[in-house]
Amino acid sequence: MKLNTAKNIKLSVLATAMALALSGSPALAQDNTTGLLKGTISAQNGSQLTDVVITLRHLQQGFSRTVQTNSKGEYVLRALPVGEYSVSVTQDGKPVIDGERISISLGQAVTYAPVLSSSDSIEKIAIMGSRIQRIDTSDSTAGLTFDAVTLDQMPVNTGFENIALLTPGVARSSEFKASSFGGASAAENGYFLNGMNISALRTGIGSIDLPWEAIAQTQVKTGGISAEYDRFIGGVVNAVSKTGGNDSRFGAELRYDPAALHSAHSTVYNPGGSISINNKDSEAEFYEANVWASGALIEDKLFVYALFNPRKYRSQYANSAATVFTEHEKDDSRWFVNMDWYISDDHVVTFTALDNSAKLRYDNFSWDQQDGKGDASGVTKSTSGGTMYSARYQGFITDDFSVSATLGRLEDSADTIPTNRLPGIWDYVNLNGQRYGDWTTSNLISETYQRDQFRLDFTYLLDDHTLQFGLDSEKLSVDYLEFQNGEAEARGWWEYRTYVAIPRIGLDAGTYVMRRQRDTGGKTEVNSLAFYLQDSWQINDNLVLNAGLRYSSFENTATTGENYVELDDQLAPRLQLIWDPTGTGDSKVFATFGRYFQPVSANMNIKQASGQRDVYNYYLPDQLNSDGSLVLGADGAPSHGALVATNVVQSGAVDVERIAADNLGPMYSDEFTLGYETQFNDKVKGGVRFVYRDLKQSIEDSDLGPVVAQWLQQNNIANNANEYYFYTLINPGKDVTFHYDFDLDGVKETVALSAADLRLPKPERKYLAWEFTLDGKPTDDLQLWFSYVWSHNWGMTEGLVRTDNGQADPGWTTSYDYADLMDHAAGNLPNDHRHAFKLSGVYDISDNWTLGFVARATSGAPLNKFSIHPTGVDSCAEPSLWADWCASQWYDESSFYDWDGTPAPRGSAGRLDWLYEFDLSLTYQRQLGDGDFSVKATVFNLFNFDTPLSVNEVAQITQTDNSFAANPDWNTATVLQSNRTVSLVVRYQF
């Protein structure tokens, strides 16, 4: 009995000491390329131990970092490159811990808090990555981090988006190659590699292509993000690359996704019998090789990792008009190099370079459902991709003061190489808008982008504060040229269709042949500069305040070299308050607030400030074939009669004082979160998080022409310039002022339009969510990530892009072009998926076999009914200043009405079906010779589900007598989830 009592007392004292050690750990700001180790070292009686020496040694590269505990027994080792370390602890010159293994993860704080006994023995508790999960009570940024080893054991395809989709609060986009974070559009995220911004340069939709074998760890941030980051509203995907070490390593991997195991979905037919999605004769295959080497050029000093990544993708498919068969081929020869130079243990420079150039080829043939592939009709070629070069310095001036600097350049380009000069033609009268003729390429583009980046960061550690401050600068140069294919008068985009009347240009309702020519070109820039300050303050043992402030400015230039957008004084506060209710580090309660600013994308430079000329010519039909289709001439242009109307939408003139409103303010959003996280045991933790996001202000392009025409009449100003369309960047819901010389007297008129006259509703977008998460290792053989998210995403605008009509033109969508386009636009937004379940994990069946799985169930997106805006109602009714034009009718079926003119508010026509996804992988691994050998088989979409991701939302058709009727093809699938594919990977490294 006495022995048990003594044992209980000893354990109680030890538990108390361990709790004190955990709760006393200092609060620390996180880094975007490294991790950190922190903790408090104490004795069994609970007292903190000073002057204890902690030494951390990187097992791969051999460098060491050493620190002593302060008067409170606390220590911190910051800016640790990710990887495996050994830790040693020395007290009074005697080693008490030697060789303990610790894993450092990207952007994560590892707490290591040993409790030392009075003898040389030790009792300890440590938070060490995946071995023992604990709650980080110094940070409340939401998200997940995955390393390459774990992802290699899971059925996760290459690419940031596939990793992001494992994270709660991230939704798949049905139209774009990027995801929606927290209800934001797919163009509002940030992507980083080794500290460099690698977001897509023109649009911001996703990132540049990367050789994925080179990625060591990927961190997905979905909320509560510090002031270190900006230029996004959605979320952040942050990655670091692999590095070399003292041991020479070599490896090779071969991947093959065979066409024989490509399970194409069934063809989708419209109710009338035409094809909506043609999956006949469709197949795809993919080959990839990775060959890499790493090692030390100078032991303990200079390390290199090099990768060569050739790839080939082949596919074949027929178009939905059942007229063209395409064989597509994409060849990549990507490479990646990373070098780490340790000037000393405290100073390191990292050099990174990559190339992601690709060649694309499209061979086109005639095709029909009975005979299949026919004669060749032409070839289209293009190139894409570019290079990235960066250098990053990390140095410790003292134990308490460090500095890092990143300098780099990212280049991306694309060129279209046509094989014939025939113009593009679409037949809406006979072929429901499908392509017609032998043309291969309708649009010719040559584009080059260059982003130069520099950032400087300082960290200063005080007793209870960790201060981070720095500057962040980017310059994006744009060189863009676009024009339509075709020779001489044939050049353009041609459409044969039935149009509503456009009285302003004298066009009566009827069926016409229309030619559109849109020419764009010039050199422009997007510049940004930011300063930030972040303080992590340990208020007391149980309470941490992370407070940050970021100042940023954005600038866009036109082809004239002048600014057309200059957004200054953007102040973004970021706050996190974190409370450890028990003082043991086993749980935390937190609240965050953050403001996030979104710059005007480079896409707007091209669309608004590059001298774009956009002209529509309407002709009477002329010669027709027996089936009613147009007769085509030798130059590929359709036969047509007399020109009956011309519509000059953009004249090509560049005047920066009319491109954007005088008082244009930035696009920004606020985020509030509340949460609770707890450790259920040493292996599993869970939590709940409440999220509220509110888009406070947006920037939209709006054609103010109808309202300006009224303003000119009211002010007796002649429109001698003959300009009628005034696409201007504005903040909807605010007054607008811009300048233009209408009467050509050499003095610009100041046009002042009130928000009341404009009748453009405030661009509301709100996101409300409850996130429930559970992750860890319930057994030694099973690692799991589970989440359930209930969310609601509603408002007037999706954001920079539009999913419901597939517009990947950030800031230049049809939203807010005219007030009538926004009638009944309030409702559930395209990224509103009310329920989302996610379960993924890795199960070690045996020492040699590993099973990986990813399962998701997501409720469907809202469904719309789009039709032509009826005249004389809502914004098209007098006394609205938009009524004279009712210009939304020119956009055809783009307004929120049913076919009979009944209002159909956004998202009110039902929902798409639930989306079920299940991927499975099986990996066999063993020691072979002096190396590691593995074979992995992955099945994506195991059950070959074919749920529609998007459907035809056009509710109305125009009949030959110009009357309207219900569209029988409404709600027919237009995009299905990806079909089942099988991927086989063989890997060997030594």
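- With sequence neighbours excluded, no residue satisfies ring-ring contact (aromatic ring centres under 6.0 Å, His included) with F176.
- D580 and K588 are not joined by a salt bridge, as no carboxylate oxygen comes within less than 4.0 angstrom of a charged side-chain nitrogen.
- Partners of D847 under the salt bridge (charged side-chain N to carboxylate O under 4.0 Å, His left out) rule, at least two apart in sequence or in another chain, do not exist in this structure.
- W785 and F146 have their aromatic ring centers within a separation under 6.0 angstrom.
- Legend: residues meeting ring-ring contact (aromatic ring centres under 6.0 Å, His included) with F837, ordered by chain and number and at least two apart, are Y788.
- A donor-acceptor pair is defined here as one N or O able to donate and one able to accept, closer than 3.5 Å; such a pair exists between the side chain of E161 and the backbone of S179.
- We find that K683 and D780 are joined by a salt bridge, their nearest charged nitrogen and carboxylate oxygen being less than 4.0 Å apart.
- Partners of W849 by ring-ring contact (aromatic ring centres under 6.0 Å, His included), not counting sequence neighbours, listed by chain and number: Y924.
- Legend: residues meeting salt bridge (charged side-chain N to carboxylate O under 4.0 Å, His left out) with K696, ordered by chain and number and at least two apart, are D694.
- Taking the centre of each ring, Y676 and W579 stay at or above the 6.0 Å mark.
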Does the side-chain contact (heavy atoms from CB on, under 4.5 Å) test come out yes or no for K221 and Y229, once each step is laid out? CA-CA 11 Å; K221 297 171 179 275; Y229 291 95; 3.7 Å; yes
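- Checked against ring-ring contact (aromatic ring centres under 6.0 Å, His included), F672 has the following partners two or more places apart in sequence or in another chain: F593.
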